[in-house]
Number of protein chains: 2
Amino acid sequence: MDKTTRGRQIPKEPIEGPFTLFLWGEERFKRRKSILKAFAANPIFSKTSVVVPSLARKDVWTRAALQARELIRLKLTEDWSHVQFMEAIRLTDNMLPVQPQFRIFLSNLERQMSDEQKAIWAPKAERFEIFGSYAQTELGHGSNVRGLETTATFDKERDEFVINSPTLSSTKYWIGTTGVWATHSIVVARLIVDGEEYGNHLFLTQIRELDTQRLMPGVEIYELGPKAFQGMLGTDNGAMQFHNVRIPRSQMLARNAQVLQDGTYIKPKNEKHSYGSMVTVRAIMAESTGWDLLKAVAVAYHYTTFRKQFRKDGNQQEETTVIEYASVKHRLVPLLAQATALVLVGQKIKRAYDEYTADYIKTGDFSQLEDFHLQTVGAKVYSTEITGHGVETCRIACGGHGYHALSGFGRMYANSINAVTYEGDNYVVGQQVPRAILKHWRGKTEGSFPTLSYLSKLRDRSQLSMPEIESEQDWLRPKVQRWALEERLMNLVQQHIEDTEAGRDTSYACHALTMAHGDFVYWKGFEELLSELEGQQTAFVKPVKALFNAFALSVLQNPHHASLASALPLSQAQHKTLRLAKSAVIEEITTNHLADVIEAYGFTEFELDSALARSDKNPYEALFEEGAVRSEMSGNGMSHLWPMMVDTRNMWRRIEEEKAGKAKL
Amino acid sequence: MDKTTRGRQIPKEPIEGPFTLFLWGEERFKRRKSILKAFAANPIFSKTSVVVPSLARKDVWTRAALQARELIRLKLTEDWSHVQFMEAIRLTDNMLPVQPQFRIFLSNLERQMSDEQKAIWAPKAERFEIFGSYAQTELGHGSNVRGLETTATFDKERDEFVINSPTLSSTKYWIGTTGVWATHSIVVARLIVDGEEYGNHLFLTQIRELDTQRLMPGVEIYELGPKAFQGMLGTDNGAMQFHNVRIPRSQMLARNAQVLQDGTYIKPKNEKHSYGSMVTVRAIMAESTGWDLLKAVAVAYHYTTFRKQFRKDGNQQEETTVIEYASVKHRLVPLLAQATALVLVGQKIKRAYDEYTADYIKTGDFSQLEDFHLQTVGAKVYSTEITGHGVETCRIACGGHGYHALSGFGRMYANSINAVTYEGDNYVVGQQVPRAILKHWRGKTEGSFPTLSYLSKLRDRSQLSMPEIESEQDWLRPKVQRWALEERLMNLVQQHIEDTEAGRDTSYACHALTMAHGDFVYWKGFEELLSELEGQQTAFVKPVKALFNAFALSVLQNPHHASLASALPLSQAQHKTLRLAKSAVIEEITTNHLADVIEAYGFTEFELDSALARSDKNPYEALFEEGAVRSEMSGNGMSHLWPMMVDTRNMWRRIEEEKAGKAKL
């Protein structure tokens with residue numbers, strides 16, 4: 001087996017090794033192993049027993065609901081942690097109806113409820129005695145939370161809140177797990193006391209009866225209907241309206257703000273607490289998103305190291321393996337490098353946030369929350385852009401068979417590209433990065449924000465003079481990479497300042513700035529990790545270093561926005577050295593490291609879930625047997641329509657006779 | 001109604017007007033009108049009577065097959081032309097099983113059969129007495145036609161060809177309409193006579209019995225299974241193997257090459273005939289692709305002129321319509337301009353090819369075929385890249401509701417992005433453009449090729465000196481636009497020549513060159529059209545000119561590859577003028593022309609098929625009523641699962657009891 005293709009063995013179970021443990025993290029690897037073991041023993045989780053994309057939507061959801069039930073059983077019997085439970089959901093085909101239970105329902109109860117409230121509700125949620133959802137977005141209101149219309153009016157007489165949906169556009173919409181499954185929902189509504197408005201607050205509202213699953217009085221819910229690309233088939237998103245729905249006063253989440261029995265409103269001590277929920281979800285996204293891209297790259301690797309097409313050299317007997325073509329490896333290797341940056345640096349961000357958050361809920365020390373907010377919003381935008389579009393690039397690089405549903409790319413794209421929209425549309429929430437840059441630029445406060453420390457160089461551009469760049473080799477110097485990333489970032493910051501001062505609408509252009517910021521932040525985080533590794537002299541420092549260079553040079557040479565290319569002032573000769581340096585790194589990885597890296601990630605066939613990556617069949621065998629031979633439309637599957645087809649082929653005769661008859665008349 | 005939103009009225013029927021007729025072309029508009037009328041009268045074509053994305057795949061295909069039958073009836077009774085029939089297919093939800101009948105089956109019979117053969121078979125195909133398909137691609141062989149493995153061996157004794165699939169990888173794969181529907185297929189196979197190989201030829205092969213729809217002896221067919229994103233639901237692609245299938249000698253398509261009864265092989269007079277089929281299909285694609293993008297832009301326009309979010313100015317009462325944001329209009333307006341270039345210039349290419357092709361089959365004059373080959377392959381790559389990714393950009397610009405299947409974007413993307421792969425993967429067939437450039441550069445023969453005439457400027461770079469570019473206004477001068485497009489094209493050609501001479505693999509980098517070539521070709525074609533219009537002083541010359549400028553400046557400032565940005569040597573100050581000039585054009589279009597242009601295209605609600613663009617409901621009403629209220633999972637739709645959910649919520653108690661019991665033991 002040659003060096004390029006050694007990683008083509010697809011394991012049935014996770015295989016341990018030092019490089020693997022570095023990439024996955026030891027704890028994560030352990031959890032993954034036990035989840036995969038539990039899944040292998042339970043046929044409901046099988047990914048090959050049904051052809052999901054051929055089924056009617058409600059049949060797929062039914063399967064997801066039964067999987068959710070089994071996952072709950074597993075969590076309760078095996079005492080899985082919340083993290084393990086959430087990771088198990090990700091290992092199923094789609095999001096499941098239980099997905100919001102910990103990710104957003106319980107995490108909000110914990111963050112926003114008073115201790116007394118938590119003592120009652122958190123155990124119920126933890127043991128799934130209630131099924132929870134989080135109802136924020138409305139039909140007419142997404143990113144702009146202040147525009148929400150749902151009201152919660154305090155009724156002093158009865159010590160209750162009355163929840164109402166005053167308009168069609170106030171219908172709670174896209175609410176995950178609410179169409180069929182949830183019994184309780186945290187409803188975001190404008191608090192009204194004695195005719196006075198106090199803005200949005202959270203209200204725990206029962207929406208279905210626990211012992212029948214019927215809707216509670218005044219609650220009107222519909223399941224939302226299908227999503228684009230067969231996305232999120234396991235989620236029953238809901239459309240929900242409230243008609244004078246009453247809940248006790250004790251169900252307003254009261255950690256920060258409260259309403260007393262007499263109607264006194266006690267306002268929150270700190271406004272920043274409202275960040276918390278978003279920051280947490282985005283921190284989870286920062287950590288998990290890159291894995292979706294890695295799986296797509298792994299499937300593409302397995303296929304493109306198998307598939308042969310054309311002869312590169314006319315004399316060859318065999319056709320050339322397609323990964324050997326620049327057109328294939330130049331698309332896949334940069335994505336492998338970028339995905340690696342996403343997971344390694346994403347884990348760092350998540351870990352730091354977890355450590356911080358363990359404290360701040362108790363201590364009320366919100367001082368670092370703004371920096372974490374900035375880090376996670378940047379990471380969310382950056383990682384979801386690269387992942388969503390990257391998955392699709394992998395599919396397209398696989399040619400025709402990538403378009404077969406059983407390649408799995410369609411499912412991966414459908415379930416990852418939506419992340420550029422949810423938890424804040426990237427063009428909208430992405431603006432928070434430039435906004436923070438501007439604020440700290442003007443206030444000269446970047447020193448207190450680790451994430452923005454680069455701004456100091458903009459104040460003194462002499463710090464940024466161009467290093468010597470004359471050869472391909474120069475581009476492998478961290479100093480050169482850093483200069484290039486900072487230089488174009490500075491130019492975009494400069495442009496953003498000018499645009500803002502000129503009163504221009506920056507909402508389009510600043511997306512590029514947010515991505516350039518991400519390039520630099522991830523490069524810096526990756527470089528720190530690499531330095532640590534180099535200190536430890538591990539065996540796998542070489543492939544990691546090669547991936548680091550491929551990350552840096554690919555985001556410089558083929559950036560996510562064309563405006564990043566024009567913001568980097570290089571001579572044509574320097575552009576050429578950059579291009580050739582990138583090619584050389586891609587070449588080095590393909591020849592020496594690619595198989596090792598794929599092997600180290602070591603996704604099992606269950607995780608990849610693709611006919612292009614089976615352990616015991618090659619892609620052609622799998623496509624033929626699982627796609628074609630098993631198709632429900634093969635054989636006699638559609639034979640009830642055969643007489644119609646035969647009849648259609650005779651139609652011309654009848655029509656000609658009719659026409660002839662008419663002509664005679 | 002203000003100027004931006006006037007085009008928001010969505011017509012139920014096509015509305016005639018001079019601008020509309022210019023955009024559509026008079027003939028095309030007429031055909032469209034009569035197709036839409038016929039569809040409105042026939043409930044099988046209704047797009048609102050079922051929610052397609054929620055159905056099982058085979059139920060959707062069944063509907064498509066019934067639509068195919070009705071279309072055949074309409075064609076035969078109303079004497080529709082082939083073009084009209086093909087356009088009618090495009091107006092249904094998905095490709096239908098009859099799609100290949102004229103597009104590739106009959107067109108090949110006509111081009112590749114002898115006159116005697118045609119007299120027998122063409123009428124059968126025209127009146128749908130037989131259902132046809134075209135079987136070229138194999139499981140292991142796509143772009144490289146020479147790698148095909150299927151054989152057709154001449155049996156002199158019985159005057160027959162024997163067709164065989166020697167390996168799994170030789171299975172004919174992705175063969176449209178072959179999984180269930182087709183009775184005959186044009187099979188591409190290696191001709192073998194007396195042990196000698198003569199390369200690929202075409203063989204008309206009956207694959208199913210006409211009066212039963214059962215498979216013919218020795219023919220093994222499976223339907224291929226589902227496609228990514230629920231794409232092409234109406235097409236029953238097939239996997240087909242031949243086991244000693246015999247056809248008479250008279251069914252080898254014999255216009256060009258022939259096998260005589262004694263086994264003598266008469267080789268084709270001209271090798272170029274083999275281009276024909278590809279050129280024809282790509283010419284159709286060049287003309288039709290842009291319309292898919294236009295529909296997506298129109299839906300996004302209707303939604304983003306309705307949707308409001310945030311207040312731009314803190315004092316406003318109402319939220320701002322989202323099209324007002326740069327982040328929205330800078331994504332949509334360039335696509336409107338680019339799609340307009342695609343349809344206007346694409347029509348020109350198609351028209352010229354049709355005029356030429358009407359002759360060359362008879363006269364055998366293949367002299368211009370190479371130029372048309374180059375034009376159509378360039379147009380195919382260029383138009384499908386812009387359209388596929390552009391449709392998805394429209395969806396994402398619409399935020400959360402763009403992800404609802406009923407927005408229609410998912411269907412549009414699924415059925416347009418595959419075109420970057422079929423009829424030649426863009427990275428593979430796209431190489432034919434640089435290859436031709438190189439050939440004519442080396443041979444100094446660009447003078448004879450209208451499409452490559454720009455190469456003469458590379459020989460004498462003094463022809464390309466930079467014009468004065470100092471202000472935004474300068475970018476509106478055609479001379480400046482032309483210079484910029486040619487300059488970067490030249491730089492990429494130069495780079496391609498260097499890379500080739502250095503023996504580098506250019507298969508990745510040259511995709512950018514192909515796109516830069518397309519930018520210039522479409523710009524030139526668009527400019528010629530604009531000049532004609534200016535000569536005629538039509539009322540709509542202003543919006544067309546604004547779109548022309550938006551096309552030019554958007555492909556220059558935000559090109560399809562970052563390497564195009566670095567190939568255009570501008571100073572930072574010039575980059576800035578370009579960026580501001582593009583903004584100004586987008587602003588002008590949004591304020592003064594957008595509504596007019598959308599109104600002139602005038603897609604009906606049937607054509608748009610989106611809950612975001614209904615004539616009698618706003619997007620919120622349509623999403624709520626058609627998406628949620630009608631969902632098969634709403635109400636009691638899933639009530640059979642309610643007891644399971646109730647039981648799951650009680651699981652914790654049983655498990656705790658069990659654990660307690662075990663602990664006692």
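Naming: A, B, ... by sequence-line order, numbering from 1 per chain. Owing to the predicted nature of the structure, the values given are computational and were not obtained by experimental measurement.
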Could you tell me if the side chain of [Y] sits less than 4.5 Å from the side chain of [X], heavy atoms only?
X      : Y      : result
B/D79  : A/K659 : yes
B/M633 : A/R57  : yes
A/L580 : B/R504 : yes
B/Y413 : A/Y413 : yes
A/R146 : B/F310 : no
B/R73  : A/W652 : no
B/V428 : A/Q309 : no

Report which part of [X] has an atom under 4.5 Å of a heavy atom belonging to chain B: side chain, backbone, both, or neither.
X      : value
A/R654 : side chain
A/L224 : both
A/L570 : neither
A/E392 : side chain
A/R208 : neither
A/L623 : both
A/K329 : neither
A/V629 : both
A/V328 : neither

Specify the closest pair of heavy atoms between [X] and [Y], including all atoms of both residues, with the distance to one decimal.
X      : Y      : result
B/L66  : A/M644 : CD2-CE, 3.9 Å
B/G410 : A/A228 : CA-CB, 3.9 Å
B/S507 : A/A326 : OG-N, 3.4 Å

Are the side chain of [X] and the backbone N or O of [Y] linked by a donor-acceptor pair below 3.5 Å?
X      : Y      : result
B/Y173 : A/H401 : no
A/Q572 : B/A567 : no
A/Y403 : B/Y422 : no
A/Q213 : B/M645 : no

Can you confirm if the NZ or CZ of [X] lies within 45° of the ring axis of [Y] and under 6.0 Å from the centre of its six-membered ring?
X      : Y      : answer
B/R630 : A/Y222 : no
B/R649 : A/F128 : no
B/R331 : A/Y427 : yes

Query raised in the report: Who are the side-chain hydrogen bond (donor to acceptor under 3.5 Å, both in side chains) partners of A/T171, not counting sequence neighbours?
Result: A/Q241

Report summary line: With sequence neighbours left out, the residues meeting side-chain hydrogen bond (donor to acceptor under 3.5 Å, both in side chains) with A/N144 are B/E319

Report task. For the pair B/L641 and A/T62, evaluate side chain to side chain contact (heavy atoms under 4.5 Å, CB included) and give the outcome as yes or no after the intermediate values. Result -> CA-CA 8 Å; B/L641 294 179; A/T62 298; 3.8 Å; yes

Can you say whether [X] sits under 4.5 Å from chain A via the side chain, the backbone, both, or neither, judging by heavy atoms?
X      : answer
B/E498 : side chain
B/H575 : side chain
B/V52  : neither
B/N650 : neither
B/L55  : backbone
B/W181 : both

Query raised in the report: Do you know which of A/D425, A/I221, A/T212, A/V420 has the most heavy-atom pairs under 4.5 Å to chain B?
Result: A/T212

**Report entry** Pick from A/A65, A/S563, A/S143, A/G635 with the largest number of heavy-atom pairs that fall under 4.5 Å of chain B
**Finding:** A/S143

Does a donor on one side chain sit under 3.5 Å from an acceptor on the other, for [X] and [Y]?
X      : Y      : result
A/R395 : B/T421 : no
A/Y508 : B/N558 : yes
B/W174 : A/H404 : no

Query raised in the report: Can you check salt bridge (charged side-chain N to carboxylate O under 4.0 Å, His left out) on B/R579 and A/D499, steps first, answer last?
Result: CA-CA 11 Å; B/R579 189 169 68 86; A/D499 282 353; 3.0 Å; yes

**Report entry** Working for side chain to side chain contact (heavy atoms under 4.5 Å, CB included), residues B/E621 and A/L139
**Finding:** CA-CA 10 Å; B/E621 291 164 348; A/L139 186 47; over 6 Å; no

